[in-house]
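To start, the structure itself, in C-alpha cells.
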Amino acid sequence: MFKIANDSKNPYCKRLELPAGPLSVYASDALFGSLDYKVFEMANNNLQIPERVYMSYTPDVHVGTGTCIGTTAVWNAAGGYVSPSIVGSDIGCGMRVHLTRLHAEELRDVRQRRKLVKAIEGYLPTEEHRRGHFSDIRLEHVIRKGLHGLPNKYVPDSYTPRKATSLTHVESAKFGFDESHLDRFPESVWHRSHRQLGTLGNGNHFAEIQEVQIDESSRGVAEAWGLFDGQVVVMIHSGSRAWGGAVHQHCGTEVAKTMRALGLGTADPRLIFAPLETDAGQAYVNLLYSALNYAVANRHLIAYGIREAFRDVFGTKTELSTLYDLMHNYAWEEEHDGTACFVHRKGATRALPAGHPDNPAPYRETGHPALIPGSMGTASYLMVGEPGGRDNYYSICHGAGRIRSRSATKRLVSVEEFRAALGVGTDAEVVVNQRTLESIIDESPQAYKDVDQIIESVTGAGLARVVAKCKPLATVKGT
DNA sequence: ATGTAC
C-alpha cells in the first residue's frame, strides 16, 4: 500500500508515501512493525481532506472513529480545514499534575493509601455531584472564561503556595470565543454539565497518587520545576464530560451537512470536516474553545477536591501546587516559522523545548512539563520538549496507546492477571478505589502497549526527554 | 468518552 522514503536520517521516524499523501510515523522499528494496517488505511482517508500541510502519528497510535488516536494534523489558518472527527468527542481531554511536599514514605503503609483513596472518593463522585454542589459556581462563567470564570474561593489559589500558580502554570487558562453560539444548547446540557463539574468520568480517566523518581540526566530541570526524589504527586486525567460531547454531536451534524453541500468526502463516511471559513466550521471552532474552557476548569476542580482529601488525611497545612495542566485532544491556532497554522492533536501532546516563545512565562527557560500517563499499574512520565520536536510541530505521544479493544480485553484478560499487575496483596499494591476490578478490567495494562517502549521511541526520535518517572501508589477511577 | 436509544 505504501513506500517508506529513505530520506529520513532519524531511525525513529518513518516517512511514508501513502496514495493520498505523505505521513510521518514516529516509532521504533519494533513498534512500527506491530502497527495494525488499519491505521494506514485511516491515515489515507484523513490525507484526502484538502489543503493539508502536515500529518503524523506518534508511537502510541491506534485506531479510533474516523481518525487514529495519536494523530497530529496541520492546515494553514488561512484557507484551512477543521475536522470534529480528528479532535474527537472528548474535547480538551488532558492531564494535570500537582506537587505535594510529602515523601512517599508517608504512604508506604497500604492502610494509609486506602485511607487517602477513600477520602478522595468522597470528593469525586463517579457520575455527578448532588444537586446544589458547587452552587457558588456559574457554569456560563466557566464556559466563557475557563479558570477565570471560577469564584475567588477556587482561584487564584487560596490553596497553592505560590500566588496564582493555577492560572499561570497551565497550557491555557481561558479561550475567548464568540458567545452567541452558546444559544443552541438545551437546558438539560447546561444542567448536567454543572453537576459533572469536578468529576472524573469513565474510560481511561483517572486520578493517581504517584512517587517521583528524577531522571539523572534532567536533574537541573526537575529541581527547577520543584521536584524531588520520593515526592508524592497527583496526576489527573479528565476532559470536558457531557459538554464536549454535546459540542461534538451538535456541530458534527452541522459540519456534515456543509460537507455534503460542498460535495466533500472521503472513503470513510465517519470522517467529517469542513473549510474553517464556513459557518459550520466557525461554529464548531468557537464551541470547541468553550469545551476547552470546561475541561481545564473540570481538572482544576478535581484537584480542588483531591486537595480537600489530602487535608483530611495529612492536615490542613498540606499544599498541592500546580505543576502543569495541558491537553491532548484539541485543535487551535499556532504560529510555526512565521505562518499561522491550525493544528489538530488527537491523542498527541505538545512538548515545547526550552526557550520557545509559546511556553508560559514560568517555563520559558526550561520548556514546560509534558505530562504522559502510563496504563494502570505502570509508570507515568514527566517529559520536556527538545528542539528536534520542530519537525513534528512539537507533538509527542499521549500515553501507552491501546492495543486491545475494550471488548477483546474483557474476553482475554482475567481478573487474576489484572490483580497481579497491580500487586494486589503485596506491600507494593497499587490501591484502587473500585470495589471490583472486574468493572474496570478493560483498563488493565494488558490492554495497552508498554509505555516504556513508547517513551523510548519519543526520546530516540529527539522529540523530548524524560525529566522524571512517576510510579503509581494509588489510583481513583470512575465506573 | 459520552448520552441515548434499543
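Chain letters run A, B, ... following the sequence lines, proteins first, then strands; residues in each count from 1. In this text, all values refer to a predicted model and were calculated from it rather than measured experimentally.
- At least one side-chain nitrogen or oxygen of A/Arg406 sits closer than 4.0 Å to the OP1 or OP2 atom of B/dA1.
- In this structure, A/His248 atom NE2 and B/dG3 atom P are separated by 13 Å, rounded to whole Å.
- A/Glu443 and A/Arg406 are joined by a salt bridge, as a carboxylate oxygen and a charged side-chain nitrogen come within less than 4.0 angstrom of each other.
- One can place CD of A/Glu127 at 14 Å from P of B/dA1, the figure rounded to the nearest angstrom.
- Protein atom CZ of A/Arg241 is 11 Å distant from nucleotide atom C1' of B/dG3, rounded to whole Å.
- A salt bridge does not link A/Arg419 with A/Glu438: every distance from a Lys NZ or Arg NE/NH1/NH2 to an Asp or Glu carboxylate oxygen is 4.0 Å or more.
- The aromatic ring centroids of A/Phe206 and A/His237 lie less than 6.0 Å from each other.
- If you measure from atom CZ of A/Arg299 to atom C1' of B/dA1, you get 14 Å, rounded to the nearest angstrom.
- Between A/Glu128 atom CD and B/dG3 atom C1' the separation is 11 Å, expressed in whole Å.
- Both the sub-6.0 Å distance and the 45° axial angle are satisfied by A/Arg307 relative to the ring of A/Tyr304.
- Look at A/Arg192 and you'll find a side-chain N or O under 4.0 angstrom from OP1 or OP2 of B/dG3.
- Listed by first and then second residue, the salt bridge (Lys or Arg N to Asp or Glu O under 4.0 Å) pairs involving residues 41-65 of chain A amount to none (not counting sequence neighbours).
- Taking side-chain N and O atoms only, A/Gln249 has no distance below 4.0 Å to OP1 or OP2 of B/dT4.
- Rounded to a whole Å, the NE2 atom of A/His398 is 9 Å from the P atom of B/dA1.
- In this structure, the nucleotide among B/dG3, B/dA1, B/dT2 sitting nearest to the side chain of A/Asp90 is B/dA1.
- Aromatic ring centroids of A/Phe342 and A/Tyr81 lie 6.0 Å or more apart.
- When rounded to the nearest whole Å, the span between CH2 of A/Trp243 and C1' of B/dA1 equals 17 Å.
- Protein atom CD1 of A/Ile91 is 12 Å distant from nucleotide atom P of B/dT2, rounded to whole Å.
- In the region residues 199-208 of chain A, proximity to DNA chain B at under 4.0 angstrom, judged on heavy atoms, holds for A/Gly201, A/Asn202, A/Gly203, A/Asn204, A/His205.
- To the nearest 0.5 Å, atoms CG (A/Asn46) and CZ (A/Phe273) are separated by 9.0 Å.
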